[in-house]
Amino acid sequence: MESFGTRLHRAVTERGPLCVGIDPHPGLLARWGLADDVQGLDRFTRTAVEALGDRVAVVKPQSAFFERFGSRGVAILESTIRQLREAGSLVLLDVKRGDIGSTVSAYASAYLDPSSPLYVDAVTASPYLGVGSLAPMFELAAEHGGGVFVLALTSNPEGAAVQRARTADGRTVAQTVIDEISQLNRGASPLGSFGLVVGATIGDTGHDLSGVGGPLLAPGLGAQGAGAADLRTVFGSSLAAVLPSYSREVLSAGPDVAALRAAVDRVLGECRGVLAAR
Ligand SMILES: O=c1ccn([C@@H]2O[C@H](COP(=O)(O)O)[C@@H](O)[C@H]2O)c(=O)[nH]1
């Protein structure tokens with residue numbers, strides 16, 4: 001089984017360095033002329049899959065917007081995941097899970113075991129019960145060619161108070177996460193399967209990302225105010241590993257499929273312009 005890092009490296013080579021989120025906000029449903037109900041959710045996600053599935057390297061459904069409709073929303077999430085995989089994009093489910101290790105095992109089975117209805121290529125995870133508590137996710141991901149993106153320096157302004165706090169050895173909390181994920185990726189080529197989430201909004205953080213060896217997911221572009229040029233400031237010499245991520249900026253071009261695709265081409269072009277100079 002090929003590793004997630006290898007599959008991601010190929011997808012980005014073939015389709016370009018871009019992740020697009022499927023975040024069916026109530027406001028976007030209204031903008032697309034859809035009701036804020038299960039039928040609206042279904043129509044929204046089918047259109048997004050049609051526009052994105054055969055051209056974007058990684059598509060990132062945001063689980064919260066499906067869960068808010070209960071079991072019928074989760075059924076649509078399952079079907080969206082299947083459709084995206086069939087269309088050839090890698091699916092990164094944004095669920096930000098984290099818990100004590102024995103419960104993380106169950107989350108790992110839910111998302112990273114190929115027999116699960118919610119099986120995806122990769123998930124986001126929260127390290128705030130300790131990076132070590134995520135070990136069952138790392139292990140199942142490694143076994144089945146999956147990936148895990150761990151929150152390090154998030155795009156929201158509230159994150160800094162926790163993530164930049166100093167630990168006993170003087171490193172920030174974020175740097176300890178960065179260092180632990182770097183260890184997991186040691187020796188992986190061309191790219192490790194364990195990534196970090198580092199917001200494009202956060203400016204020059206003074207954190208050392210050079211040894212991570214895995215992908216750096218960069219949300220915060222577009223609707224949260226960061227632009228492609230900010231990637232240079234945030235990531236510096238680590239630009240090669242960056243996977244820029246947009247949700248509302250692209251989705252607000254819908255529901256016309258051609259317009260959604262044009263938005264994808266536009267943001268991809270902007271990101272390539274910055275990432276090519278790495
Ligand atoms: O630090 C983080 C981690 C995750 N996110 C998620 O990414 C998208 C961003 O959506 P936009 O519409 O492009 O703002 C959303 O699903 C967040 O939950 C993040 O923004 N920042």
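Counting convention: from 1, in listed order, for ligands and their atoms alike. Index from 1, following the sequence.
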Enquirer: Considering only protein heavy atoms, which is closest to atom 7 (O) of ligand 1, and at what distance to one decimal place?
Expert: K60 NZ, 3.1 Å

Enquirer: How far is atom 6 (C) of ligand 1 from its nearest protein heavy atom, and which residue and atom is that?
Expert: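 Here the nearest protein heavy atom works out to D94 OD2, 3.4 Å.
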
Enquirer: Starting from atom 12 (O) of ligand 1, locate the nearest protein heavy atom and write down its residue, its atom name and how far away it is, to 0.1 Å.
Expert: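 Result for atom 12 (O) of ligand 1: R248 NE, 2.6 Å.
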
Enquirer: Taking 4.0 angstrom as the limit, do E14 and R55 come out as a salt bridge?
Expert: no

Enquirer: Under 4.0 Å between a side-chain nitrogen and a carboxylate oxygen: does that hold for D36 and R68?
Expert: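 Salt bridge present between D36 and R68.
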
Enquirer: At the 4.0 Å heavy-atom cut-off, does Q224 count as touching ligand 1?
Expert: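 Yes, Q224 has heavy atoms under 4.0 Å from ligand 1.
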
Enquirer: Return the residue, atom name and 0.1 Å-rounded distance of the protein heavy atom closest to atom 13 (O) of ligand 1.
Expert: S247 N, 3.0 Å

Enquirer: Tell me whether L221 reaches ligand 1 (any heavy atom closer than 4.0 angstrom to a ligand atom).
Expert: yes

Enquirer: Is it the case that atom CZ in R31 sees more than 12 heavy atoms from other parts of the structure closer than 6.0 Å?
Expert: no

Enquirer: Nearest to atom 21 (N) of ligand 1, what protein heavy atom do you find, and at what distance?
Expert: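 Here the nearest protein heavy atom works out to S155 OG, 2.6 Å.
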
Enquirer: Is there any side-chain hydrogen bond (donor to acceptor under 3.5 Å, both in side chains) pair reaching into residues 127-149, and which pairs are they, with sequence neighbours excluded?
Expert: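 Every pair satisfying side-chain hydrogen bond (donor to acceptor under 3.5 Å, both in side chains) with a residue in residues 127-149: Y128-Q163.
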
Enquirer: For atom 17 (C) of ligand 1, find the nearest protein heavy atom and state the residue, atom name and distance (0.1 Å precision).
Expert: Q62 NE2, 3.9 Å

Enquirer: List every atom of ligand 1 that sits less than 4.0 Å from any heavy atom of V197, numbering the atoms from 1 in the order shown and giving each element.
Expert: 1 (O), 3 (C)

Enquirer: State whether D265 and R272 are salt-bridged, where the test is any N-O pair (Lys NZ or Arg NE/NH1/NH2 against Asp/Glu carboxylate O) under 4.0 Å.
Expert: no

Enquirer: Could you tell me, atom by atom, which parts of ligand 1 come under 4.0 Å of a heavy atom of T154?
Expert: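 Answer, ordered by atom number: 1 (O).
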
Enquirer: Under 4.5 Å between any side-chain heavy atoms of I22 and P24, yes or no?
Expert: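 The answer is yes, as the side chains (C-beta and beyond) meet within the 4.5 Å cut-off.
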
Enquirer: Around atom 16 (O) of ligand 1, find the nearest protein heavy atom and jot down its residue, atom name and distance.
Expert: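 Protein heavy atom at minimum distance: D23 OD2, 2.5 Å.
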
Enquirer: Within a strict 4.5 Å, meaning less than it, do heavy atoms of the Y246 and E270 side chains meet?
Expert: yes

Enquirer: Is I100 isolated, or which residues cluster with it under the ILVMFWY side-chain rule of less than 4.5 Å, directly or via members?
Expert: L129

